[in-house]
**Student:** 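My questions all concern the structure below.
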Number of protein chains: 2
Amino acid sequence: MPKDGAAAPSHWKAFASRRRDPATKREAVLQTAAHLFLEKSYGRTSLNDVAERLNITKPALYHYFRNKEEILLECYRLGTGLIEEILNEIAAHCGTGLEKVAAFIYSYANVMTVNFGRCVMRLDEGDLSSQAFAEVRTYKRKIDRRLRSFIEEGIADGSIAPCDPKIAAFSIAGAVNWICIWYEPEGELPAEEIASQFARTLTQGLARTTPNSGEREVSRQEPLP
Amino acid sequence: MPKDGAAAPSHWKAFASRRRDPATKREAVLQTAAHLFLEKSYGRTSLNDVAERLNITKPALYHYFRNKEEILLECYRLGTGLIEEILNEIAAHCGTGLEKVAAFIYSYANVMTVNFGRCVMRLDEGDLSSQAFAEVRTYKRKIDRRLRSFIEEGIADGSIAPCDPKIAAFSIAGAVNWICIWYEPEGELPAEEIASQFARTLTQGLARTTPNSGEREVSRQEPLP
DNA sequence: GTTTTTTCTTACCCACGGGTAAGATATCAG
DNA sequence: CTGATATCTTACCCGTGGGTAAGAAAAAAC
């Protein structure tokens, strides 16, 4: 069990001094909050817990956030921001549909190992107000649409075997999203390893559709940007 | 399998009379509780909510369960029970590793559309006591091990292309588990349709590993038992 | 009918946690 | 140095929800 100063530290330092630096302090709150939300869930994390880790008291938090939910929503925003970045990058990155899907899986899997990224898929949307909920759902829907379009593109250009894009997208999204459930930052598997393995496995597929002459090469795919 | 009668209710009928029938009343509590847990999450579901749906009052629930957590744990137990059943069936069902994996995906996906099954993967383990948590984790670990063994079996018998069984199992498990997140009992896609599509997609794989002469046949795989 | 047992209700306790009020103290601009 | 402002604390409010006490009312046992 992670102790106070061991694995997740450095953020209480932001509040060591009373110097006026709202930006970094706000950031510190979000980082520790995200950490705790992932560890104990939003509902079981009290603002006292957050404050305690930062060596301050609960009301101090209200200088940086209007309420608890705003902290949660900000975590979602930072996470979806990361995802949106990579989506734009990939869309611009010319290539076959299959290549785009592979690039997506690789980058997305990596995001799922970052705190804010994990928050997006791991935290319970039900804790959000209806407005914030709608906002987050818009982001998510966008992601799903993009992935599906990559697949359709791949079917069109022949790089992907004909299939139902909706189901394929659900499969891939599920496989990658689930990473944020079992991934442990302190675990054995490094993030990039997971990402590249997933990119390979999911694009290559599991079944041997046609009997190969020899053993299929277990080539290491170069990690995409 | 267990078909939920109407959309949601019908369970309050169990408490319409004061006749002594603890078994069905207990069942009714579990069904409505599971329903609410999936709808609003465990944390946001109060025992008053559960009681209200059953047209009784909160303390009445304590005649059938020691506390709130016992209700939750029982949902987990019923769900894992369903999964264990299908696992045993498949292990006995002779066939190649790939066939076992396909059968697993099909049956498992179906379970993920049933309330108690969904509870197993959708609900937050953090709400369980450490004892119950350990029990549930044991079940889940077992499932993962079984799936992985099916894959290894398939690689050994040549029905599955060489790959890392751990990553493959994580991918498949993630894709199928994620169903319980987005599946809506009232939605368009029927459960069996999802299950068979997933079984096909995930075993067939997405990428075309070798250029086929013609269009790949989109054969309908017969729904496994 | 009478007694016993189960079932369920009304009324209550209390710990927890989000949020606020009001004031103390440090930082900064001048 | 001085006043203004941002920062943070102590003390408090109160709604919510899990859980209990004690007893009423219905069902079964006799």
Side-chain angles (χ1 to χ4, degrees), chain A residues 11-30 32-33 36-37 39-75 123-124 126-132, chain B residues 11-30 32-33 36-37 39-75 123-124 126-132:
Chain A
H11 287 303
W12 60 268
K13 284 182 191 165
F15 287 88
S17 151
R18 259 192 170 181
R19 198 166 92 253
R20 295 177 189 180
D21 190 359
T24 62
K25 293 193 178 184
R26 212 182 124 99
E27 166 84 11
V29 173
L30 288 173
T32 51
L36 286 169
F37 292 167
E39 189 176 294
K40 310 202 303 175
S41 89
Y42 176 76
R44 282 186 300 276
T45 301
S46 73
L47 292 184
N48 275 324
D49 293 336
V50 179
E52 199 180 1
R53 286 234 177 165
L54 294 165
N55 269 93
I56 53 176
T57 56
K58 180 178 59 174
L61 296 173
Y62 284 84
H63 257 262
Y64 303 95
F65 299 93
R66 294 215 322 277
N67 52 38
K68 192 185 179 189
E69 195 213 331
E70 194 176 272
I71 298 178
L72 178 62
L73 178 56
E74 209 56 37
C75 288
L123 268 37
D124 188 354
D127 287 313
L128 293 166
S129 72
S130 50
Q131 285 189 19
Chain B
H11 288 301
W12 62 268
K13 284 183 191 162
F15 288 88
S17 151
R18 258 192 171 180
R19 169 131 79 265
R20 299 180 187 177
D21 191 358
T24 61
K25 294 194 177 183
R26 212 182 124 99
E27 167 84 9
V29 172
L30 288 175
T32 51
L36 286 169
F37 292 167
E39 189 175 295
K40 310 201 304 171
S41 89
Y42 176 77
R44 283 186 298 276
T45 302
S46 73
L47 291 184
N48 275 323
D49 293 336
V50 178
E52 199 180 1
R53 285 231 177 167
L54 294 164
N55 270 89
I56 54 176
T57 56
K58 181 177 60 174
L61 296 173
Y62 285 84
H63 258 261
Y64 302 94
F65 299 92
R66 295 216 319 281
N67 51 38
K68 192 186 178 188
E69 194 213 329
E70 194 176 273
I71 299 178
L72 177 61
L73 179 56
E74 210 56 38
C75 288
L123 268 37
D124 188 354
D127 287 313
L128 293 165
S129 72
S130 51
Q131 284 189 21

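The figures that follow rest on heavy atoms only: side chains count, while hydrogens, waters and symmetry mates do not. Just so we're on the same page: letters track the sequence lines, and every chain starts at 1. Please read these numbers as outputs of a predicted model, since none were measured by experiment.
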**Student:** Please report the distance, rounded to the nearest Å, between CG in B:L47 and P in C:dT9.
**Tutor:** 14 Å
**Student:** With sequence neighbours left out, which residue pairs that include part of residues 18-27 of chain B fulfil the side-chain hydrogen bond (donor to acceptor under 3.5 Å, both in side chains) condition?
**Tutor:** B:D21-B:T24, B:E27-B:Q31
**Student:** Hey, does the side chain of B:Y62 come within less than 4.0 Å of D:dG18's phosphate (OP1/OP2), counting only N and O?
**Tutor:** no
**Student:** Would a 4.5 Å heavy-atom cut-off, applied to side chains only, mark A:I71 and A:Y64 as touching?
**Tutor:** no
**Student:** Could you pull out the closest heavy-atom pair between A:Y62 and A:N67, with the gap in Å?
**Tutor:** CE2-CA, 4.0 Å
**Student:** Can you tell me whether the side chain of A:K58 and the base of C:dG19 have a donor-acceptor pair closer than 3.5 Å?
**Tutor:** yes
**Student:** If every non-hydrogen atom of B:V50 is compared with every non-hydrogen atom of B:T32, which pair is closest and at what distance?
**Tutor:** CG1-OG1, 4.0 Å
**Student:** Separation of A:F65 atom CZ from C:dG19 atom P, in whole Å?
**Tutor:** 13 Å
**Student:** Does some side-chain heavy atom of A:L72 sit less than 4.5 Å from a side-chain heavy atom of A:F37?
**Tutor:** yes
**Student:** In whole Å, what is the span from the CG atom of B:N48 to the P atom of D:dG17?
**Tutor:** 8 Å
**Student:** If you assign each of A:R66 and B:L61 to its closest nucleotide in DNA chain C, which residue comes earlier from the 5' end?
**Tutor:** B:L61
**Student:** Can you sort out the partners of B:A51 under side chain to side chain contact (heavy atoms under 4.5 Å, CB included), two or more places apart, ordered by chain and number?
**Tutor:** B:I56, B:L61
**Student:** How is A:F15 classified with respect to the nucleic acid when contacts are heavy atoms under 4.0 Å: base, sugar-phosphate, or nothing?
**Tutor:** sugar-phosphate
**Student:** Nearest whole angstrom, please: distance from the P of D:dA25 to the NE2 of B:H63.
**Tutor:** 16 Å
**Student:** Measure the distance from CD on B:E52 to P on C:dC8 and round it to the nearest whole Å.
**Tutor:** 17 Å
**Student:** Out of D:dT7, C:dT7, D:dG19, which nucleotide sits closest to the side chain of A:P22?
**Tutor:** D:dT7
**Student:** Do you know the tightest heavy-atom contact between B:T45 and B:K68?
**Tutor:** O-NZ, 2.9 Å
**Student:** Would you mind telling me which residue lines up with the more 5' stretch of DNA chain D, A:K25 or B:K68, judged by nearest nucleotide?
**Tutor:** A:K25
**Student:** Nearest to the B:T57 side chain among C:dG17, C:dT10, D:dT7, which nucleotide is it?
**Tutor:** C:dT10
**Student:** Atom OH of A:Y42 and atom C1' of C:dG17: how far apart are they, to the nearest Å?
**Tutor:** 11 Å
**Student:** Measure from OH on A:Y64 to C1' on D:dC8 and round the result to the nearest Å.
**Tutor:** 8 Å
**Student:** Which whole-number value in Å describes the distance from B:R26 CZ to C:dT7 C1'?
**Tutor:** 16 Å
**Student:** Do any N or O atoms of the protein come closer than 3.5 Å to N or O atoms of nucleotides 24-30 of chain C, and which pairs are they?
**Tutor:**
residue	atom	partner	partner atom	Å
C:dT25	O2	A:R18	NH1	2.9
C:dA26	O4'	A:R18	NH1	3.2
C:dT27	O2	A:R20	NH2	2.4

